[in-house]
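Take a look at the structure set out below.
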2 protein chains.
Amino acid sequence: MSQTAVVQIFKALGDPVRLQIVQRLSNGVPLCMGELSKDLGISRQGARKQIQALVSANVVQLHPGGREVKVQLDAATLAQGRDFIAALEAQWDQRLQALKQFAEQ
Amino acid sequence: MSQTAVVQIFKALGDPVRLQIVQRLSNGVPLCMGELSKDLGISRQGARKQIQALVSANVVQLHPGGREVKVQLDAATLAQGRDFIAALEAQWDQRLQALKQFAEQ
DNA sequence: ACAATATGCAACCAAATGGTTGCATATTGT
DNA sequence: ACAATATGCAACCATTTGGTTGCATATTGT
């Protein structure tokens with residue numbers, strides 16, 4: 001997993017509209033673009049651009065069919081983001097452990 | 001934990017320079033701004049602005065002392081980001097479980 | 001006292017971002 | 001065939017972002 005990939009993931013999640021989209025998809029039901037664009041407070045084309053940003057970061061996948069396009073969450077990409085943070089925390093905890101041992105010695 | 005707080009966290013991590021700064025701090029050793037600005041490929045003031053962005057998102061804390069300012073990671077904020085993703089994944093897995101049961105029935 | 005070090009602040013700039021509107025196109029239902 | 005639906009593409013715009021340079025200020029070491 002490259003550094004830049006992780007940056008893209010976090011950048012994708014670091015926007016209120018995009019995070020809301022992700023949340024709406026997190027229940028596993030793929031939605032088509034039209035549905036997904038509703039209640040976001042922006043135009044359909046505005047929503048489309050945000051969805052494209054999520055696609056570019058692989059946070060979401062598009063599945064065209066007929067005249068509509070289903071948008072589906074990519075849980076594996078979410079896991080990459082979570083794993084990255086977890087790795088940072090692991091280093092952090094390791095350091096705290098070392099400090100504790102030093103204090104006790 | 002508010003939605004906007006999480007957005008700020010992800011936005012803070014969604015930049016190559018800032019992510020690199022976070023990684024350098026993840027070993028638990030606080031560094032002062034000068035040290036932190038090195039090897040980032042940008043000027044000190046440029047780095048300063050990125051550090052400020054991390055401060056605003058509470059990803060990092062500043063501890064002034066004498067003429068230097070130590071920058072320290074805030075692991076609790078990292079945990080908030082990780083927890084948010086984990087919650088999304090939990091919803092996702094729950095849905096997959098429901099689909100599995102439906103298929104077996 | 002003075003030089004060196006560590007930082008802060010503000011103005012400025014180019015590029016990216018987040019949004020809009022307008023129009024074109026493909027699929028579906030009657 | 002035709003209307004309605006779902007989407008795509010491009011131009012455009014204001015604001016934010018990521019970076020710079022220049023200068024000021026406070027602390028430290030000799």
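Order of the sequence lines fixes the chain letters, A, B, ..., with proteins taken first and strands second; residue numbering starts at 1 for each chain.
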For B/Arg82 and B/Ile9, run side chain to side chain contact (heavy atoms under 4.5 Å, CB included): C-alpha distance rounded to whole Å, both residues' side-chain angles, the deciding distance at 0.1 Å, then the answer. CA-CA 10 Å; B/Arg82 178 181 44 75; B/Ile9 294 169; over 6 Å; no
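- Side-chain atoms of B/Asn27 and A/Gln91 include no donor-acceptor pair closer than 3.5 Å.
- Two residues are said to be in side-chain contact when any heavy atoms from C-beta on lie closer than 4.5 Å; B/Val71 and B/Met33 meet this criterion.
- Ring geometry, B/Phe10 versus A/Phe10: the interplanar angle falls under 30°, so the pair is classed parallel (tilted spans 30 to 60°).
- Using a 4.5 Å cut-off on side-chain heavy atoms (C-beta onward), A/Thr77 and A/Gln8 make no contact.
- Rounded to whole angstrom, the span from the CG atom of A/Asp15 across to the C1' atom of D/dT15 amounts to 14 Å.
- Among the duplex regions that DNA chain C forms, those built from at least three successive Watson-Crick or G-U pairs under 3.5 Å are C:1-30 with D:1-30, ordered by first number.
- Interatomic distance, CD of A/Gln45 versus NZ of A/Lys49, reported as 10.0 Å (0.5 Å rounding).
- Within 4.0 Å (heavy atoms only), A/Lys11 reaches sugar-phosphate atoms of the nucleic acid but no base atom.
- A donor-acceptor distance shorter than 3.5 angstrom exists from the side chain of B/Arg18 to the backbone of B/Ala12, with no hydrogens or angles considered.
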Could you list all N or O pairs between the protein and nucleotides 25-28 of chain D that sit under 3.5 Å apart?
from, atom 1, to, atom 2, distance (Å)
D/dT27, O3', B/Arg67, N, 3.3
D/dT27, O2, B/Arg67, NH1, 3.3

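- Listed by residue number, the members of residues 31-55 of chain B with any heavy atom below 4.0 angstrom from DNA chain D are B/Ile42, B/Ser43, B/Gln45, B/Gly46, B/Lys49, B/Gln50.
- For the pair B/Phe84/B/Glu89, no side-chain contact is recorded, criterion being any heavy-atom separation below 4.5 Å from C-beta on.
- Protein atom NZ of A/Lys70 is 14 Å distant from nucleotide atom C1' of D/dT7, rounded to whole Å.
- Atom CG of B/Leu31 is separated from atom CD of B/Gln72 by 10.5 Å, given to the nearest 0.5 angstrom.
- With rounding to the nearest 0.5 angstrom, the CD1 atom of A/Ile21 is 7.5 Å from the OG atom of A/Ser37.
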